[in-house]
Structures are given as structure tokens and as C-alpha cells.
K.L.:
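Could you have a look at this structure, given as C-alpha cells, before my questions?
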Amino acid sequence: MKLWFSRGSNLLKIIFSYLISRISGRVIHWGNPVAMSIEPNNTCNLRCPECPAGLKELTRARGHMQPELFNAILEQMLPQLSWLTLYFQGEPFMSRNFFDFVSAARSRKIFVATSTNGHFLDDDSVTRTIESGLNRLIISLDGAGQQSYEAYRQGGDFNRVISGIRLLVKEKERLKSTTPEIILQCLVLKSNEHELEDIRKLGKTLGVDKVTFKTAQFNDFENGNPLMPENQKYSRYKQQKTVSQTDYAGTEQFSPPRHLATSPPPHFTIKHTLPNACFRMWSSCVITWDGKVVPCCFDKDAAHELGDITRKPFSEIWRGKSYDEFRKKILKNRKSIEICSNCTQKL
């Protein structure tokens with residue numbers, strides 16, 4: 001009861017201070033993070049075209065978090081932290097300490113979720129996954145067959161992922177466990193948007209708890225991408241109307257400008273408006289494998305490092321000048337922050 005009261009009162013502090021900040025335009029911040037993402041490692045076995053970890057394009061160092069650092073972070077977050085995403089960049093099942101991290105967080109009554117490409121779900125790992133107490137496991141499956149799947153998950157094996165899911169479902173049944181909740185997640189792309197119903201049926205056949213569809217993020221979205229879906233329901237982007245020769249059709253008194261002799265390349269923008277607000281900056285943060293504190297999951301290269309937890313207590317970072325300056329930028333001109341350009345956060 002004492003734990004839930006502490007977490008509940010902390011959440012109320014965060015909400016009220018956030019609302020006051022939005023109304024006043026001044027940074028007011030009470031409370032500590034209710035949610036956090038911790039990066040077990042930033043290495044991956046696949047080469048997804050929009051992922052800097054898999055393509056080995058991250059400018060920061062590669063490595064694995066040590067147990068001493070992980071436990072030190074958790075101790076500093078207690079008792080208010082209630083949700084832990086054990087994932088940032090990389091494939092978490094490649095971390096040698098992954099299951100120990102899950103168990104450590106669960107022993108402190110923290111809800112733990114992670115996301116995997118599913119290539120490491122073998123007999124041993126599915127048992128350890130369940131026994132660790134992991135609450136939620138998101139498994140990426142971006143296609144109903146190998147051809148559509150590998151259009152994005154390059155280097156991936158569709159049948160290997162399917163086999164791993166079957167093992168996990170079977171082991172859950174054997175151990176009579178309700179966790180982890182297994183979510184089959186599909187990034188909707190040009191290569192698979194015609195298969196969405198097939199993917200729903202596949203999830204049902206496999207016995208997962210839920211099938212979800214997610215819009216894909218493209219780094220250079222302004223110029224379009226061959227993998228962008230045509231179905232606007234599943235796209236973060238919309239194509240801007242551009243002036244071309246067709247706009248001059250039927251107007252004899254005008255001829256198209258010389259620079260429009262050929263149509264300009266497509267120009268895309270984010271579909272929704274980007275408000276000068278972001279609740280994440282008041283309620284959560286991300287910590288890299290080596291202890292760098294960054295604003296959110298869009299800062300993949302830790303370009304906006306707000307502090308280093310190996311050098312300074314988290315409480316000093318959370319309430320420090322760098323964090324408040326970043327929050328101030330969010331309230332004044334969020335569009336000016338490069339990592340926000342692809343964000344879908346609306347509150």
C-alpha cells in the first residue's frame with residue numbers, strides 16, 4: 001500500500017507541474033520519472049535500413065551495460081519508478097545480462113517490457129524469459145512470409161522467428177504462466193500493407209495475446225522512401241501538393257516556368273502538427289548502456305546528452321540546468337529540435 005501511494009502521489013505531482021508549465025510557458029517540475037528506458041546493449045544481428053544500430057552507424061560507442069550500473073540506476077529510481085522498458089537501440093536478447101536485469105526490476109515490483117526481433121527465442125531463452133517475470137514482450141514481424149519480411153528485416157529469417165514464437169507460447173502453457181504478454185508487432189510498409197489481414201490471422205494461429213500495427217519512422221522522410229505505405233492510415237507522413245505542369249493545363253495564357261519542365265521530387269511532411277509540449281520530458285527518460293541520460297528514444301546517438309549517471313546522481317541530472325533548458329526549448333519551439341521532427345507525441 002505504501003509503495004502504490006508513493007507512486008500515485010508522484011504521478012500527480014508530475015501531471016500538475018506539467019499542466020502548469022504548459023499554461024504558464026515556464027518550466028515547473030515536481031516529481032520523479034514514472035517510466036524509464038534502459039539500454040542493455042546497442043548491438044544487433046539484423047541490418048534494418050532505418051536502424052543505425054543494425055547498420056553500425058551509431059556515432060556513440062557500442063557496448064553492454066554492466067550489472068553494477070543497472071542496479072545502481074534502479075536504486076536511485078525507487079520507489080517511484082513503476083515502468084521499465086528494457087530496450088533502446090540494439091537487440092536486447094543479445095545482452096549477456098538481460099534476464100538478470102529483468103529479474104532485478106521485477107523483484108522491485110517494476111513492470112518490465114521489451115522488444116525483440118525474435119531470432120534468439122530458443123528452448124533455453126523462452127524458459128528464462130518466462131521465469132524472469134518479464135511482463136510484456138513485443139516481437140517484430142513485418143510480413144506474412146520471408147519475401148515481405150526481409151524487405152525491412154534484412155538478414156532476418158522469418159521461419160526462425162515463427163518457430164521462436166511457437167516455442168514461447170508452448171512454454172507459457174506448460175508453465176501455466178500469464179506472462180509475458182506476447183504482442184506481435186508489424187511495422188506497416190509498402191512491402192507488407194497488402195498482408196495485414198494475413199498477419200492478424202497468423203498471430204491468432206500462433207496464439208499470441210495481441211497483434212498491433214505501427215507506423216514506420218523514416219529518417220529522410222522529406223524525400224520519400226520506397227518502403228512508405230500508400231495507406232495513409234498507417235503512415236506518419238503525407239505528401240505535400242507541389243506545383244507542376246499539370247497545374248497549368250488548360251490555361252493558354254500561361255506556360256509553366258522553365259524549372260517545372262519536369263515535375264519536382266515528392267516532398268513529405270509529418271501528418272500531425274507538433275505542439276510545443278511533450279509529457280515525456282516531465283515523466284520519463286532514457287539511459288544508454290554506458291550511463292548517458294538522454295531525453296527520449298528519438299535521440300539514438302545521444303546528441304542531446306543531459307548528464308552522465310556514472311558521474312552525477314540522477315536526481316541532480318533530472319533537476320539540473322541542462323534538463324530544464326531542454327524542457328524550455330520544448331515549451332517555446334519544439335520544431336527547432338531535430339530529434340522531435342519524427343515524433344508522434346501529441347501531448
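Model, not experiment: these values are computed from the prediction.
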K.L.:
Taking the six-membered ring for Trp, are Trp282 and His29 parallel (under 30°), tilted (30 to 60°) or perpendicular (over 60°)?
P.N.:
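Tilted.
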K.L.:
Show which residues join Phe111 in its hydrophobic cluster (side-chain heavy-atom contacts under 4.5 Å, direct or indirect), or state none.
P.N.:
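Phe111 shares its hydrophobic cluster with Trp83.
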K.L.:
So for atom NZ, which belongs to Lys335, do other residues, nucleotides or ligands contribute more than 12 heavy atoms lying within a distance under 6.0 Å?
P.N.:
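No, not enclosed.
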K.L.:
Is there a side chain to side chain donor-acceptor pair (under 3.5 Å) between Thr127 and Glu171? Walk through the geometry before answering.
P.N.:
CA-CA 7 Å; Thr127 301; Glu171 188 68 356; 2.9 Å; yes
K.L.:
Would you confirm whether Asn42, through its side chain, and Ala61, through its main-chain N or O, come within 3.5 Å as a donor-acceptor pair?
P.N.:
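Here the side-chain-to-backbone pair exists.
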K.L.:
Is there a donor-acceptor pair closer than 3.5 Å between any side-chain N or O of Ser148 and the backbone N or O of Gly143?
P.N.:
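Pair absent, no side-chain N/O of Ser148 close to backbone of Gly143.
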K.L.:
Out of Phe98, Phe120, Tyr87, which one pairs with Phe93 under the ring-ring contact (aromatic ring centres under 6.0 Å, His included) rule?
P.N.:
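Only one of Phe98, Phe120, Tyr87 forms a ring-ring contact (aromatic ring centres under 6.0 Å, His included) with Phe93, namely Phe98.
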K.L.:
Taking only residues two or more places apart in sequence or in another chain, which ones pass side-chain contact (heavy atoms from CB on, under 4.5 Å) with Asn159?
P.N.:
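Once residues adjacent in sequence are excluded, the partners of Asn159 under the side-chain contact (heavy atoms from CB on, under 4.5 Å) criterion are Asp157.
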K.L.:
For the atom pair SG (Cys296) and CZ (Phe326), what is the distance rounded to the nearest 0.5 Å?
P.N.:
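The distance works out to 6.5 Å.
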K.L.:
For the atom pair CD1 (Ile165) and CG (Leu137), what is the distance rounded to the nearest 0.5 Å?
P.N.:
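The CD1 atom of Ile165 sits 9.0 Å away from the CG atom of Leu137.
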K.L.:
Please go through Val294's hydrophobic cluster and name the other residues, only I, L, V, M, F, W, Y counting, with side-chain heavy atoms under 4.5 Å joining them.
P.N.:
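Members alongside Val294: Phe88, Val286.
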K.L.:
Sequence neighbours left out, what passes side chain to side chain donor-acceptor pair (under 3.5 Å) with Thr310? Give chain and number order.
P.N.:
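Asp308.
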K.L.:
If you measure from CZ on Arg327 to CD on Glu325, what distance do you get to the nearest 0.5 Å?
P.N.:
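Nearest 0.5 Å value for the CZ-CD distance: 11.0 Å.
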K.L.:
Assess whether atom CD of Gln147 is packed by more than 12 heavy atoms of other residues, nucleotides or ligands within 6.0 Å.
P.N.:
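At most 12 heavy atoms, drawn from other residues, nucleotides or ligands, come within 6.0 Å of this atom.
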K.L.:
May I ask you to list the residues sharing a hydrophobic cluster with Ile138, side-chain cutoff 4.5 Å, ordered by chain and number?
P.N.:
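Besides Ile138, the cluster holds Ile183.
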K.L.:
Between atom OG of Ser21 and atom CG of Leu331, what is the distance when rounded to the nearest 0.5 Å?
P.N.:
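Interatomic distance, Ser21 OG to Leu331 CG, rounded to 0.5 Å: 6.0 Å.
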K.L.:
Mind checking side chain to side chain donor-acceptor pair (under 3.5 Å) for Arg200 and listing every partner two or more places apart, or none if nothing turns up?
P.N.:
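Here the qualifying residues are Glu197.
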K.L.:
Do Leu134 and Leu86 come within less than 4.5 Å of each other through their side chains, counting heavy atoms only?
P.N.:
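When only atoms from C-beta onward are counted, Leu86 and Leu134 do not touch, as no gap falls below 4.5 Å.
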K.L.:
Look only at the side chain of Glu193 and the backbone of Val188, and say whether a donor-acceptor pair between them is shorter than 3.5 Å.
P.N.:
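Here the side-chain-to-backbone pair does not exist.
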K.L.:
Only counting residues at least two apart or in another chain, list the ones meeting side-chain contact (heavy atoms from CB on, under 4.5 Å) with Pro275.
P.N.:
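Result, side-chain contact (heavy atoms from CB on, under 4.5 Å) vs Pro275: Arg334.
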K.L.:
If we count only N and O atoms by modelled type, under 3.5 Å, do the side chains of Ser103 and Asp100 hold a donor and an acceptor together?
P.N.:
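No - no donor-acceptor pair under 3.5 Å links their side chains.
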K.L.:
Are Phe279 and Ile14 packed together at the side-chain level, in the sense that at least one heavy-atom pair is separated by less than 4.5 angstrom?
P.N.:
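Yes; the side chains approach each other to less than 4.5 Å.
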K.L.:
So with a 6.0 Å cut-off around CZ of Arg319, is the heavy-atom count from everything else above 12?
P.N.:
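Check passes, neighbour count above 12.
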K.L.:
What salt bridge (charged side-chain N to carboxylate O under 4.0 Å, His left out) pairs are there with at least one residue in residues 272-292, not counting sequence neighbours?
P.N.:
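Salt bridge (charged side-chain N to carboxylate O under 4.0 Å, His left out) check on residues 272-292 returns Asp290-Lys292.
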K.L.:
Is there a side-chain contact between His119 and Val161 in this structure, where contact means two heavy atoms from C-beta onward sitting under 4.5 Å apart?
P.N.:
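Yes; the side chains approach each other to less than 4.5 Å.
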K.L.:
More than 12 heavy atoms of other residues, nucleotides or ligands under 6.0 Å from CZ of Arg136: is that the case?
P.N.:
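Result for CZ/Arg136: enclosed.
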K.L.:
If I take atom OG from residue Ser140 and atom CD from residue Glu91, how far apart are they, to the nearest 0.5 angstrom?
P.N.:
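Interatomic distance, Ser140 OG to Glu91 CD, rounded to 0.5 Å: 8.5 Å.
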K.L.:
Mind checking side chain to side chain donor-acceptor pair (under 3.5 Å) for Glu68 and listing every partner two or more places apart, or none if nothing turns up?
P.N.:
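Side chain to side chain donor-acceptor pair (under 3.5 Å) check on Glu68 returns nothing, list empty.
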K.L.:
If the condition is side chain to side chain donor-acceptor pair (under 3.5 Å), which residues does Arg96 pass it with, not counting sequence neighbours?
P.N.:
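Side chain to side chain donor-acceptor pair (under 3.5 Å) check on Arg96 returns nothing, list empty.
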K.L.:
Got a sec, which pairs hit side-chain hydrogen bond (donor to acceptor under 3.5 Å, both in side chains) with one end in residues 294-304, sequence neighbours left out?
P.N.:
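Every side-chain hydrogen bond (donor to acceptor under 3.5 Å, both in side chains) pair that includes a residue of residues 294-304, provided the two are not neighbours, is Thr59-Asp301.
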K.L.:
The test is side chain to side chain donor-acceptor pair (under 3.5 Å); show your working for Thr43 and Arg62 and say whether it passes.
P.N.:
CA-CA 7 Å; Thr43 54; Arg62 300 169 68 198; 5.3 Å; no
K.L.:
For residues 4-16, pull every pair meeting side-chain hydrogen bond (donor to acceptor under 3.5 Å, both in side chains), keeping only residues two or more places apart or in separate chains.
P.N.:
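Sorted result for residues 4-16: empty, none.
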